[in-house]
*Asks:* 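Dumping the structure here so I can ask a few things about it.
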There are 2 protein chains.
Amino acid sequence: MNLKQLSKNLGLSQTTVSRALNGYPEVSEATRLRVRQAAEQFNYHPSTRAKGLATGKALAIGHVIPISTKHEMVNPIFGDFIAGAGEAYSRNGYEMILSIVDDASEEAIYRGLKSRRAVDGVVVHGPTLDDPRIPLLNSIDLPFVVHGRSSGATSPYAWLDVNNTRAFHRAASFLYDLGHRRIALINGLESMDFAHRRRAGYEATLHDNAIPIDPALMRSGEMTEEFGYQSTRDMLALKNPPTAIMTSSMISALGVRRAIESLGLVMGRDVSVVTHDDALSYLRNGGDIPIYTSTRSSVRDAGRQLAEMLLAEIANPTEQPQTRLLEAELMVGQSTGPAPTR
Amino acid sequence: MNLKQLSKNLGLSQTTVSRALNGYPEVSEATRLRVRQAAEQFNYHPSTRAKGLATGKALAIGHVIPISTKHEMVNPIFGDFIAGAGEAYSRNGYEMILSIVDDASEEAIYRGLKSRRAVDGVVVHGPTLDDPRIPLLNSIDLPFVVHGRSSGATSPYAWLDVNNTRAFHRAASFLYDLGHRRIALINGLESMDFAHRRRAGYEATLHDNAIPIDPALMRSGEMTEEFGYQSTRDMLALKNPPTAIMTSSMISALGVRRAIESLGLVMGRDVSVVTHDDALSYLRNGGDIPIYTSTRSSVRDAGRQLAEMLLAEIANPTEQPQTRLLEAELMVGQSTGPAPTR
DNA sequence: TTGGGCATCCAAAGCGCTTTGAAATAGATT
DNA sequence: AATCTATTTCAAAGCGCTTTGGATGCCCAA
C-alpha cells in the first residue's frame with residue numbers, strides 16, 4: 001500500500017492525504033480522521049526512503065563502532081549504551097544504523113555516511129585523548145555528539161560524559177579515609193580519554209595527601225577479566241603490596257577478586273576494591289549491599305540522554321554545542337573496609 | 001555532489017555515468033575509467049535513499065533486539081554477533097539497522113520495517129522454543145534468518161545454529177569419562193531454545209550411562225555472574241554435591257569459579273567445570289592452556305556467516321530456506337580433571 | 001449580482017537515482 | 001555507395017513521497 005493507492009481509495013489527492021497524516025492545518029478534521037482510519041486499516045506506513053528523498057532528512061542516526069585491527073575488541077558496554085539510545089530513537093521515529101569498522105577505514109565511513117546522506121548525525125564512541133574524528137566531523141559538517149570527551153580537542157564540540165576525574169578522586173579519597181595508603185589503579189588503555197581522566201582523579205587524591213605516586217601500583221590495558229587477575233597477582237606479590245585496588249571496569253574487577261581469593265585473602269578485609277560500574281544489565285552488582293564498592297553511572301541512561309541531545313541538535317541546530325556532565329554515584333558495598341593494620 | 005552535477009561536469013548523460021559506476025557493459029572502458037576517476041575526485045557517493053527508491057531495494061538489514069520488559073537484559077553476546085554481521089554487510093554495501101524494542105511492540109516493529117520498506121531482510125535473535133516471530137515473518141513475507149532454532153516451528157525457515165545438543169552431550173560425556181557421576185547443569189532460561197537443546201544433550205549423556213536425572217543439580221536462569229555464583233554455592237552445599245558443573249555461559253562460569261574458590265576448593269581438582277564459550281572478545285578464555293574447558297564456538301563468526309546467508313537469500317530467493325549447523329569445539333583447559341575419590 | 005475571504009482540496013514539480021527504449025556513431029559487409 | 005550490425009550514448013519515465021502554487025466551492029457583505 002502506497003500513498004497513491006491510499007488516496008485513490010479515499011477519493012482524495014495525494015496532497016491531502018499526506019497533509020492529513022502529517023498534521024498540517026489545511027485539512028478538515030473530518031477528512032483527517034477518515035484518512036487516519038484508512039491508513040490504520042490498510043496498515044499504511046510511508047516509505048522512509050521516499051520520505052527522506054523528499055524532505056532531505058535521513059531520519060537515521062549513525063553509530064560507528066571502531067574495532068581496532070590491533071586488539072579486535074568489542075566494547076562490552078556497547079550493548080547497553082545502544083539499548084538506551086535506541087529507545088530514544090524509536091520514540092522519535094528515528095532509525096539507528098550501525099557500522100562496525102576497523103579504525104583504518106573509519107574516516108572513509110564517516111565521509112560515506114555524509115555524502116550518501118544516510119544519516120542526519122552520528123555518535124562518536126570511545127574518544128581518545130586527541131581524537132581525529134572530532135575535527136573531521138566538524139569539517140564535513142555532520143552533526144555529532146561524543147560519548148566521553150577528548151582532552152586534546154581545540155574547537156568546541158558536543159559531548160556527554162561521566163565526571164570520571166571527580167568519581168575517581170572521591171573513590172580514592174574514600175579509600176584514603178579508610179586508612180589505605182598503598183592504593184593501586186588498574187585502568188583502561190591510556191590512549192582512551194576516560195582512562196586519562198580517571199588517573200588524574202586518582203593522582204589528585206594521592207597528591208592531596210602527599211602520597212608519592214608509585215608506578216608499580218599503576219596498570220593500564222584492555223579491561224578483561226584476565227587483565228584484572230594478572231595485574232592483581234603481580235601487585236600483591238610486591239614487597240610492599242597495595243591494600244586497596246581501584247579498577248575501571250566490572251569485568252576486570254571480577255578478575256581482581258579472583259586473584260585476591262586465589263591467594264587466600266578476603267576482598268573487603270585484606271584488600272579493598274573499588275570499581276567503576278557501568279550498571280551493565282548482565283553484570284549486576286546487586287543485592288541489598290552491593291558486592292563491590294563502586295563509582296556507578298548507568299551507561300544505558302547515558303545512551304538515552306546522548307541520543308536526545310543529538311536529536312535536539314538536529315531538530316534545531318544551535319551555534320553552541322551542548323555538553324552534559326553526569327556525576328557518578330559512590331556506592332558503598334562489601335568490597336571495602338578499613339586498611340588492615342600490620 | 002549528485003549524479004546530475006557529476007554528469008554535467010563530465011559532459012555525459014546521467015544514464016551513462018550511472019551505468020559506468022555500476023559496472024554495466026554498455027559503457028566503453030575508456031569512459032568508465034574517466035567517470036570513476038571523476039567520482040573519486042569529487043567524492044561522489046550515490047544517495048542510498050534515492051538508489052533504494054529507484055531499485056526497490058533498501059540495501060539494509062534489520063536487527064530487532066528484544067529487551068524483555070521483565071528482565072531488561074541486553075544479551076552480552078550481542079555485541080560480538082553484530083560485529084561479525086557488520087563486516088559482512090559493509091563488504092556487500094549493506095547497512096545494518098538496529099531496533100531495540102520491548103517484546104510487546106515487537107510485532108509492530110517487524111510490520112513497520114516491512115511496510116516502510118526500510119529493510120530487505122531481518123535477523124531474528126534469541127529464538128524461544130516456539131517463537132511467534134517465525135510465522136509472523138513468513139506471513140508478511142519479509143526474508144529472515146534465525147540465529148538459533150525454534151523447536152516448535154511448524155514450517156521450514158532459514159537458520160544458523162550451533163549444535164548445542166551435541167556440544168553438551170560431548171562435554172558431559174567428557175566429564176563422565178573422567179569419572180564424574182554427579183554432574184550439574186547451570187543453564188540459561190528454559191524458554192530459550194538453545195537452553196532446551198543443551199539440556200537435551202546433557203540429559204542424553206546421563207541417560208547413556210544410566211545415571212538418574214537429579215533436578216537438584218539443574219538450574220536455569222539469566223546467565224549472570226551472580227547466578228553462576230549462587231547456583232554453585234547452593235549445589236555445593238547439598239549433602240551429595242556435584243563433582244562437576246556445566247554452565248551455559250562464560251559470564252556465569254566466572255561466578256561458578258568464584259563460588260568454588262570461596263569455599264576453599266580448587267576448580268579443576270575438587271570441582272570440574274565446563275562452560276560454553278562464545279569466544280567473546282572481552283572475555284578471552286585464553287592462554288596456552290585455556291582456563292576453562294569449554295565447548296567453543298565463535299559467535300562473531302556466526303554473525304558473519306549468518307549475514308552472508310541472509311544476503312544470499314535476498315540476492316536470489318530460493319524456495320528452500322537455507323540452514324547451517326555449526327559444530328562447537330571441545331577445548332580442554334585447566335578447569336577439568338578426574339573426579340575426586342573420597 | 002458581484003466579489004472578497006475562508007476553508008478545502010488538487011495538479012504538478014521535484015528529491016536523486018535506475019532503467020527502458022531509442023538514437024547516434026563507427027566499423028564491417030555487400 | 002549503401003546497407004547492416006555493433007557499440008556507445010542519451011532523453012525521459014518512474015520509484016513514493018512532500019510541497020508549491022493554484023483551483024474550487026461556499027458563505028457573507030456590499
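Per chain, numbering begins at 1; letters A, B, ... match sequence-line order. All values below were derived from every heavy atom in this structure, side-chain atoms included, with hydrogens, water molecules and symmetry-related copies excluded. Since the structure is predicted, the reported quantities are computational estimates derived from the model, not experimental observations.
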*Asks:* For B:Leu6 and C:dC17, what is the distance between atoms CG and C1' respectively, to the nearest whole Å?
*Replies:* 13 Å

*Asks:* Rounded to whole angstrom units, what separation is found between the CZ atom of B:Arg32 and the C1' atom of D:dT9?
*Replies:* 13 Å

*Asks:* Rounded to the nearest Å, what distance is computed from the NE2 atom of residue B:His45 to the P atom of nucleotide C:dT18?
*Replies:* 14 Å

*Asks:* Check step by step if side-chain hydrogen bond (donor to acceptor under 3.5 Å, both in side chains) holds for B:Thr31 and B:Ser28.
*Replies:* CA-CA 6 Å; B:Thr31 27; B:Ser28 72; 2.5 Å; yes

*Asks:* Could you run down the sub-3.5 Å N/O contacts of the protein with nucleotides 19-25 of chain D?
*Replies:*
{"from": "D:dT19", "atom 1": "OP2", "to": "A:Tyr24", "atom 2": "OH", "distance (Å)": "2.7"}
{"from": "D:dT19", "atom 1": "O4", "to": "A:Thr15", "atom 2": "OG1", "distance (Å)": "3.1"}

*Asks:* Taking the six-membered ring for Trp, are B:His125 and B:His147 parallel (under 30°), tilted (30 to 60°) or perpendicular (over 60°)?
*Replies:* perpendicular

*Asks:* Run the numbers on B:Arg91 and B:Glu308 for salt bridge (Lys or Arg N to Asp or Glu O under 4.0 Å), then give the verdict.
*Replies:* CA-CA 10 Å; B:Arg91 235 195 339 269; B:Glu308 271 154 11; 2.6 Å; yes

*Asks:* Without decimals, in angstroms, what is the distance between A:Leu10 CG and C:dC9 P?
*Replies:* 11 Å

*Asks:* Nearest 0.5 Å, please: how far is CD1 in A:Ile314 from CG in A:Leu142?
*Replies:* 8.5 Å

*Asks:* With a 4.0 Å cutoff (strictly under), does any side-chain N or O of B:Ser47 reach OP1 or OP2 of C:dC15?
*Replies:* no

*Asks:* Which whole-number value in Å describes the distance from A:Leu53 CG to C:dC17 C1'?
*Replies:* 8 Å

*Asks:* Roughly what angle, to 10°, lies between the helix axis at the start of the helix from C:dT1-D:dA30 to C:dT30-D:dA1 and the one at its end, five pairs per end?
*Replies:* 70°

*Asks:* Determine, stepwise, if the pair A:Asn9 / A:Gln5 fulfils side-chain hydrogen bond (donor to acceptor under 3.5 Å, both in side chains).
*Replies:* CA-CA 6 Å; A:Asn9 221 298; A:Gln5 293 166 25; over 6 Å; no

*Asks:* Output a table of donor-acceptor pairs, distance under 3.5 Å, between side-chain atoms of residues 37-44 of chain B and any protein atom two or more places apart or on a different chain; print 'none' if there are none.
*Replies:*
{"from": "B:Asn43", "atom 1": "OD1", "to": "B:His45", "atom 2": "NE2", "distance (Å)": "3.2"}

*Asks:* Mind calculating the distance between NZ (A:Lys4) and P (D:dT18) to the nearest angstrom?
*Replies:* 15 Å

*Asks:* Any side-chain N or O of B:Lys51 below 4.0 angstrom from OP1/OP2 of C:dT18?
*Replies:* yes

*Asks:* Whole angstroms only, please: what is the CG-C1' distance between A:Leu12 and C:dA11?
*Replies:* 14 Å

*Asks:* Tell me which of A:Leu3 and B:Glu29 sits closer to the 5' end of DNA chain D, going by the nucleotide each one is nearest to.
*Replies:* B:Glu29

*Asks:* If you assign B:Gly11 and A:Asn2 each to the DNA chain D nucleotide with the nearest heavy atom, which residue ends up on the more 5' nucleotide?
*Replies:* B:Gly11

*Asks:* Among residues 111-122 of chain A, which ones have heavy-atom contacts with DNA chain D below 4.0 Å?
*Replies:* none

*Asks:* Please name all residues satisfying side-chain hydrogen bond (donor to acceptor under 3.5 Å, both in side chains) with B:Ser115, sequence neighbours left out, ordered by chain then number.
*Replies:* none

*Asks:* Using atom NZ of B:Lys57 as one end and atom C1' of C:dC17 as the other, report the distance to the nearest whole Å.
*Replies:* 16 Å

*Asks:* Run the salt bridge (Lys or Arg N to Asp or Glu O under 4.0 Å) test against B:Arg117 and tell me which residues pass, sequence neighbours left out.
*Replies:* none

